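Note that this is a predicted model, so its numbers are computed, not measured. Chain naming here is simple, since letters A, B, ... match the order of the sequence lines and numbering starts at 1 in each.
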Amino acid sequence: MTAAGVPAEVRLAAEGRYLLAVYRRLLGRFGPQGWWPARTPFEVAVGAILTQAVAWANVEKAIAALEAHGLLEPAALLAAPPERLAELIRPAGYFNAKARKLKSFVEFLFARHDGSLERLFAQPLERARRELLGVWGIGPETADSILLYAGGLPTFVVDAYTRRILSRLWADPAAPFLRDYDALRRFFMERLVPDPALFNEYHALLVALGKGVCRKGRPRCADCPLLGLCRFAHEGGGPAVAAR
DNA sequence: GCCCAGGTGGGTA
DNA sequence: TACCCACATGGG
């Protein structure tokens with residue numbers, strides 16, 4: 001029992017139903033997002049690294065350049081000179097840093113898995129995740145994106161949108177699950193069935209909401225599909241109050 | 001011109 | 001642990 005007298009499993013189940021209600025509203029508004037926009041698992045992994053702190057439109061140009069030069073393949077990427085790589089991915093921003101990150105990723109892939117993503121993904125989820133987190137340039141979001149969207153493994157991807165949206169839904173920046181990346185990841189994973197298709201769509205829908213509605217500066221609460229489920233708009237935090 | 005975009009690593013207190 | 005900064009391009 002918790003201090004409030006509610007058994008933990010009851011609270012978790014209730015929060016799980018809440019998260020599913022949020023999911024259904026988002027799906028109803030935005031529809032299936034069709035993530036990840038890539039043709040191969042390796043292209044997903046490359047895109048996951050290139051999209052760090054950058055708009056996807058920029059990444060598309062970099063991916064197209066790599067594709068045009070036959071570099072969307074592990075062995076070719078491994079063999080490419082870093083300066084060459086940097087020049088091709090220039091539109092994705094941070095090109096020197098990201099060229100190094102792509103290199104360290106494929107070097108890891110060959111050192112540990114014979115260059116095969118399939119071998120990486122054949123391991124238990126948390127083991128594969130720990131390995132990816134050991135690669136220079138791959139942090140938790142990039143690791144989870146690769147595992148979920150390239151590997152089809154049931155890990156939940158947390159990003160800036162996820163954190164912003166959840167902090168507004170709860171209207172409590174001090175909520176324990178907002179403390180760090182892993183706490184927020186566990187918040188979803190401990191309350192939802194470990195279904196890769198659900199995690200895939202859920203994260204993509206949070207991005208859709210974060211981009212168009214639950215924006216950083218000025219959220220469009222009056223147009224939000226989560227009205228009624230969100231304390232931020234309900235309890236006077238948001239512009240929705242002024243709008244109604 | 002300014003802000004923001006599907007983060008991460010390194011340094012400092 | 002908790003900030004702060006570098007990393008860089010492109011679109012609104």
Given [options], the nucleotide with the shortest approach to the side chain of [X]:
X	options	value
A/R90	B/dA5, C/dT9, B/dG7	C/dT9
A/V54	C/dA8, B/dC4, B/dT8	C/dA8
A/E141	B/dC4, C/dT9, B/dG7	B/dG7
A/W136	B/dG10, C/dT9, B/dG7	B/dG10
A/P91	B/dA5, C/dG10, B/dG10	C/dG10

Using the six-membered ring of A/F95, assess whether NZ or CZ of A/R90 lies under 6.0 Å from its centre and within 45 degrees of the ring axis.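 Yes; both conditions hold, so A/R90 lies above the ring face of A/F95.
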At 4.0 Å (heavy atoms only), tell me whether [X] reaches a base, stays on the sugar-phosphate, or touches nothing.
X	value
A/W35	base
A/I138	sugar-phosphate
A/K61	sugar-phosphate
A/V135	sugar-phosphate

For [N], take OP1 and OP2 only and decide whether either is under 4.0 Å from a side-chain N or O of [X].
X	N	answer
A/T51	B/dG7	no
A/N96	C/dA8	yes
A/K98	C/dT9	no

We want to know whether A/D144 and A/Y181 form a side-chain donor-acceptor pair, criterion being a heavy-atom distance below 3.5 angstrom.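 Judged by distance alone, the side chains do pair up.
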Could you tell me if A/E131 and A/H113 have a donor-acceptor pair between their side chains, going purely by distance under 3.5 Å?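 On atom types as modelled, these side chains qualify, holding a pair under 3.5 Å.
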Mind calculating the distance between [atom1] ([X]) and [atom2] ([N]) to the nearest angstrom?
X	N	atom1	atom2	answer
A/R100	C/dA6	CZ	P	17 Å
A/W56	C/dT9	CH2	P	19 Å
A/R218	C/dG12	CZ	P	20 Å
A/R163	B/dT8	CZ	C1'	13 Å
A/K101	C/dA6	NZ	C1'	11 Å
A/L50	B/dA5	CG	C1'	14 Å
A/I63	C/dG10	CD1	C1'	16 Å
A/D159	B/dG7	CG	C1'	10 Å

Whom does C/dG10 pair with, Watson-Crick or G-U wobble, provided both distances fall under 3.5 Å?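 WC or wobble partner is B/dC4.
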G-U wobble or Watson-Crick pairing nucleotide for B/dG9 (cut-off 3.5 Å, both distances):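 Because both required distances fall under 3.5 Å, B/dG9 counts as paired with C/dC5.
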Does the ring centre of A/F105 sit less than 6.0 Å away from the ring centre of A/W136?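 For A/W136 and A/F105, the ring centres are not under 6.0 Å apart.
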Do A/F187 and A/W170 have their ring centres less than 6.0 Å from each other?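 Here the rings of A/W170 and A/F187 have centres that are less than 6.0 Å from each other.
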Would you call A/D180 and A/R186 a salt bridge, using N to O less than 4.0 angstrom?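 A salt bridge is absent here (no side-chain N lies under 4.0 Å from a carboxylate O).
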Distance between the C1' atoms of C/dC3 and B/dA5, in whole angstroms?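 That atom pair is separated by 22 Å.
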Taking the P atom of each, how far is C/dG10 from B/dT8, in whole Å?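 Their P atoms lie roughly 22 Å apart.
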Quick one: on DNA chain B, does A/L133 or A/P37 contact a more 5' nucleotide (nearest heavy atom)?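 The answer here is A/P37.
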Let me know, please, whether A/R179 or A/A55 comes out on the 5' side of the other along DNA chain C by nearest nucleotide.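 Looking at the nearest nucleotide for each, A/R179 comes out on the 5' side.
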